[in-house]
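Worksheet for the structure shown next.
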Amino acid sequence: HCQHFCPSERQILECLFNTMNGREWSRQYGWKEYNISHCNDNWYGVTCNTRGNVTGLRLANNNLAGSIPLSIGFLTALERISFGRNKLSGTLPAHLG
């Protein structure tokens, strides 16, 4: 549970894009379109449940770089992450393991 600040799922995804080399991703459709929902296959690699919560991030082999931001832990419905074959550094945030 969040005690002080709970970012929206959209803010978390924007943070992911900005901190993981988003402008250099091989496939980034929707990620820079701030006027559309991140669900309904609008953003590449993002899947959602019927309530509009992010359940999957499938961004393997997409030129991601850097560390996975801790804010990803606020995606409470997240079930699947596919970040393989990218240029990631650091460790997986503990709350995701």
Side-chain angles (χ1 to χ4, degrees):
H1 296 356
C2 307
Q3 295 179 5
H4 297 99
F5 171 69
C6 247
S8 71
E9 291 196 344
R10 183 182 195 97
Q11 289 171 318
I12 295 165
L13 294 174
E14 290 171 359
C15 176
L16 181 83
F17 182 82
N18 291 328
T19 60
M20 296 184 74
N21 196 39
R23 301 230 179 263
E24 301 298 322
W25 289 2
S26 304
R27 293 167 301 281
Q28 53 178 273
Y29 72 77
W31 284 82
K32 295 185 288 182
E33 305 295 326
Y34 297 112
N35 59 337
I36 61 172
S37 167
H38 56 274
C39 291
N40 305 318
D41 295 323
N42 287 329
W43 288 23
Y44 176 80
V46 177
T47 56
C48 298
N49 60 23
T50 56
R51 292 183 305 278
N53 302 112
V54 174
T55 57
L57 293 171
R58 294 184 175 99
L59 298 168
N61 196 28
N62 199 33
N63 204 32
L64 278 68
S67 299
I68 300 170
L70 294 176
S71 61
I72 201 171
F74 288 115
L75 296 174
T76 57
L78 188 63
E79 298 171 349
R80 288 182 211 94
I81 298 175
S82 178
F83 285 171
R85 297 182 311 279
N86 284 298
K87 302 170 194 161
L88 302 182
S89 58
T91 58
L92 188 66
H95 51 281
L96 296 178

### Query
When rounded to the nearest 0.5 angstrom, what distance separates NZ in Lys32 from CZ in Phe17?
5.5 Å
### Test salt bridge (charged side-chain N to carboxylate O under 4.0 Å, His left out) applied to Arg27 - qualifying residues, sequence neighbours left out
none
### Task
Hey, could you give me the CD/CZ distance between Gln11 and Phe74, rounded to the nearest 0.5 Å?
11.0 Å
### Task
Quick one: pull up CG in Leu57 and CG in Leu75 and give me the separation to the nearest 0.5 Å.
6.5 Å
### Summary
Contacts of Glu9 meeting salt bridge (charged side-chain N to carboxylate O under 4.0 Å, His left out) (sequence neighbours excluded), chain-then-number -> none
### Task
Kindly compute the distance separating CG (Leu78) from CG (Asn49), expressed to the nearest 0.5 Å.
11.0 Å
### Query
With no hydrogens and no angle check, is any side-chain donor or acceptor of Asn86 less than 3.5 Å from a backbone partner on Leu59?
yes
### Message
Checking Asn62 now: which residues fulfil side-chain hydrogen bond (donor to acceptor under 3.5 Å, both in side chains) with it, not counting sequence neighbours?
### Response
none
### Task
Spell out, as yes or no, whether a donor-acceptor pair under 3.5 Å connects the side chain of Asn40 to the backbone of Asn42.
no
### Query
Of all heavy-atom pairs between Asn21 and Trp25, which one has the smallest distance, and what is that distance?
O-CD1, 3.1 Å
### Query
Out of curiosity, Asn18 CG to Leu13 CG, how far, rounded to the nearest 0.5 Å?
11.0 Å
Which donor-acceptor pairs under 3.5 Å do the side chains of residues 63-70 make with protein atoms, sequence neighbours left out?
unit_1, atom_1, unit_2, atom_2, d
Asn63, OD1, Lys87, NZ, 3.0
Asn63, ND2, Glu24, O, 2.7
Ser67, OG, Ser89, O, 3.3

### Query
Sequence neighbours excluded, which residues qualify as side chain to side chain contact (heavy atoms under 4.5 Å, CB included) partners of Asp41?
none
### Query
Once you round to the nearest 0.5 Å, how far does CH2 of Trp43 lie from CZ of Arg10?
4.5 Å
### Query
Looking only at heavy atoms, what is the nearest atom pair of Tyr44 and Trp31, with distance?
O-NE1, 2.8 Å
### Query
Any disulfide bond (SG atoms under 2.5 Å apart) pairs touching residues 26-78, not counting sequence neighbours?
Cys39-Cys48
